[in-house]
2 protein chains.
Amino acid sequence: MYRQRAGAAAKGRVQGCGCLMSSTVLLLLAYLAYLALGTGVFWTLEGRAAQDSSHSFQRDKWALLENFTCLDRPALDSLIRDIIHAYKNGASLLSNTTSMGRWEFVGSFFFSVSTITTIGYGNLSPNTMAARLFCIFFALVGIPLNLVVLNRLGHLMQQGVDHCASRLGVTWQDPGKAQWLAGSGALLSGLLLFLLLPPLLFSHMEGWSYMEGFYFSFITLSTVGFGDYVIGMNPSQRYPLWYKNMVSLWILFGMAWQALIIKLILSQLEMPGRVCSCYRHSSEED
Amino acid sequence: MYRQRAGAAAKGRVQGCGCLMSSTVLLLLAYLAYLALGTGVFWTLEGRAAQDSSHSFQRDKWALLENFTCLDRPALDSLIRDIIHAYKNGASLLSNTTSMGRWEFVGSFFFSVSTITTIGYGNLSPNTMAARLFCIFFALVGIPLNLVVLNRLGHLMQQGVDHCASRLGVTWQDPGKAQWLAGSGALLSGLLLFLLLPPLLFSHMEGWSYMEGFYFSFITLSTVGFGDYVIGMNPSQRYPLWYKNMVSLWILFGMAWQALIIKLILSQLEMPGRVCSCYRHSSEED
Ligand SMILES: [K+]
Ligand SMILES: [K+]
């Protein structure tokens, strides 16, 4: 009896293993196809624009050489190399930079936030080996700590939604409809509060267009953080203190909200099976 | 009886809510203290170095103005602004750039990978509105898809470790010790394979020091991705195809491994309580 059960279990394990392998291969193929799609679209959309921009820059470079006869080509190339090196090292190149772009209090704080949230804009990055080593240790503890905080905030948000749903359910005598309404209300208000309204503030404070602010908001909250747009870096603007605090709170709560949304999409993408039993479990508990 | 139970449950809920609130406040205070620590250390370590670098750049700028008498200060400032703008837009400034820094096949592929893994180096970033909009949709599906793939790879790794542990356990007649040994063996071999050996390859291929390669490896696998170091960007190097494929595989498996490690640290950081019951559940299942 025991041997029979053990044999069946072993057979099930082997079958499960084979199924797991073939579904993993399918998953990896889908992943590669998705990457190929992205590669093709970005190549098409950006390739020509980049070529145009490069051409126009080369034209400007030649125009400059004509205007400034004292600069020859190698001198200009070496100047460009120096400037890019200094720019990457965060040196304040122009006479006026904001405190966000320097290793002062605000810049260091923003760098710490961008490290442990794994956004990593890279508008500032450590140059000394000591700071790099510390950065590694700081991230090693800070990233899990940040995840704990985000989970807690997400849990509180979830509790708030559940509380609303149960109160609506008592009023309407229809818990299912109340749950659905509270959920979609939370989704929509989060969308409004974290993605659709902040670009208005950013476009006012940073001089970006609404779409640029929206792109910045999404790239920040998804923790991709390319660093092509970073708040507080426009030297011709004065940033009040409440703005910086507001942005920090927005990052924190927005990331918690976005983590909830990504969890939702994830549970849709994962096929039901042995691998994702932990997901079903945790969603059943909630 | 029912009312009594409901009352007790409500009281428990209120107490649990109060406990949750105070522990959340404590957690947020710890979070702020940790950020303050990082701010202070980075400010101290980088502030002086940045000041030195800025001074030396300003000195160079003045020296340049002396050498090239045709350039006046405003002309140089506007030139610097143009160069930084073009650099941020990914235009090939210098005569020789690698394909990784351009919107061609390799660059677009690497950009797609860096987007859905949320590394976001930012050595390339989309400049046209169409590409930015597509980037948002691409990330919205791609990030969860990437998480699914990482979870699957992590699960396979875990299975491999469990398999080793059970075989060792049968041989030694001591399952506890075998489990512990297999676990620490997996941790150490992952450390070697994903963090300690790759810098050797990077220092050979990119001309970085070992420490720079290690810093790059950590910043990449933790998905922070400052973009101060990016592979394949040295124009004086020729990169073979196997190197780029190897790096892609390293990112994929390394991130899966690092996600396992961060999960481990997370389960140590989370205090046992109601909030983290889902964690305990999923770890009990594994
Ligand atoms: K990132
Ligand atoms: K980044």
Side-chain angles (χ1 to χ4, degrees), chain A residues 24 31 35 38-39 41-43 45-47 49-50 53-54 57 68 70-71 80 83-84 86-87 89 91-93 103 108-109 111-112 118 120 122 125-128 130-132 134 136 138-139 144 148-149 152 155 215 218 222-228 262 265-266 269 275 278 281-282 285, chain B residues 24 31 35 38-39 41-43 45-47 49-50 53-54 57 68 70-71 80 83-84 86-87 89 91-93 103 108-109 111-112 118 120 122 125-128 130-132 134 136 138-139 144 148-149 152 155 215 218 222-228 262 265-266 269 275 278 281-282 285:
Chain A
T24 302
Y31 186 69
L35 278 176
T39 306
V41 175
F42 285 121
W43 191 0
L45 289 176
E46 283 292 320
S53 147
S54 170
F57 182 75
F68 302 107
C70 61
L71 275 175
I80 290 176
I83 289 172
I84 293 175
Y87 172 73
N89 290 359
S92 43
L93 295 175
W103 284 105
S108 303
F109 180 78
F111 173 77
S112 302
T118 76
S125 56
N127 291 300
T128 60
R132 282 179 188 158
F134 178 74
I136 290 174
F138 187 68
V148 170
V149 170
R152 182 64 65 95
H155 185 77
Y215 169 73
F218 183 85
S222 59
T223 76
V224 173
F226 290 125
D228 46 355
I262 284 184
I265 302 179
L266 200 64
L269 270 178
V275 187
C278 47
H281 239 289
S282 62
E285 278 190 345
Chain B
T24 302
Y31 187 70
L35 278 176
T39 305
V41 174
F42 285 121
W43 191 359
L45 288 176
E46 283 292 320
S53 146
S54 168
F57 182 76
F68 302 107
C70 61
L71 276 174
I80 291 177
I83 289 173
I84 293 177
Y87 172 75
N89 290 0
S92 43
L93 295 174
W103 284 106
S108 302
F109 180 78
F111 173 77
S112 303
T118 75
S125 56
N127 290 300
T128 60
R132 281 179 189 159
F134 177 74
I136 290 175
F138 187 68
V148 170
V149 170
R152 183 63 65 94
H155 186 78
Y215 170 72
F218 183 85
S222 59
T223 75
V224 173
F226 290 125
D228 46 356
I262 284 185
I265 302 179
L266 201 64
L269 271 178
V275 187
C278 47
H281 239 288
S282 63
E285 278 188 345

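Lettering of chains follows the sequences in order, A, B, ..., and the numbering in each one begins at 1.
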Parallel, tilted or perpendicular: ring planes of B:F42 versus A:F138, cut at 30 and 60 degrees: perpendicular
Pick one of side chain, backbone, both or neither for A:Y31, based on which atoms fall under 4.5 Å of a heavy atom in chain B. both
Heavy-atom pair with the smallest gap, counting every atom of B:L45 and A:F134: CD1-CB, 4.3 Å
Closest heavy-atom contact between A:S112 and B:G38? OG-C, 3.4 Å
Atom pair CZ/CZ of B:R132 and A:F226 - distance to nearest 0.5 Å: 10.5 Å
For the residue pair B:N127 and A:E46, what are the closest heavy atoms and their distance? N-OE2, 2.8 Å
If you count heavy-atom pairs under 4.5 Å between each of A:P126, A:G225, A:A139 and chain B, which one has the most? A:P126
Is B:F218 close to chain A through its backbone or its side chain, or both, or neither, when contacts mean heavy atoms under 4.5 Å? side chain
Nearest 0.5 Å, please: how far is OH in B:Y215 from CD1 in A:I136? 8.0 Å
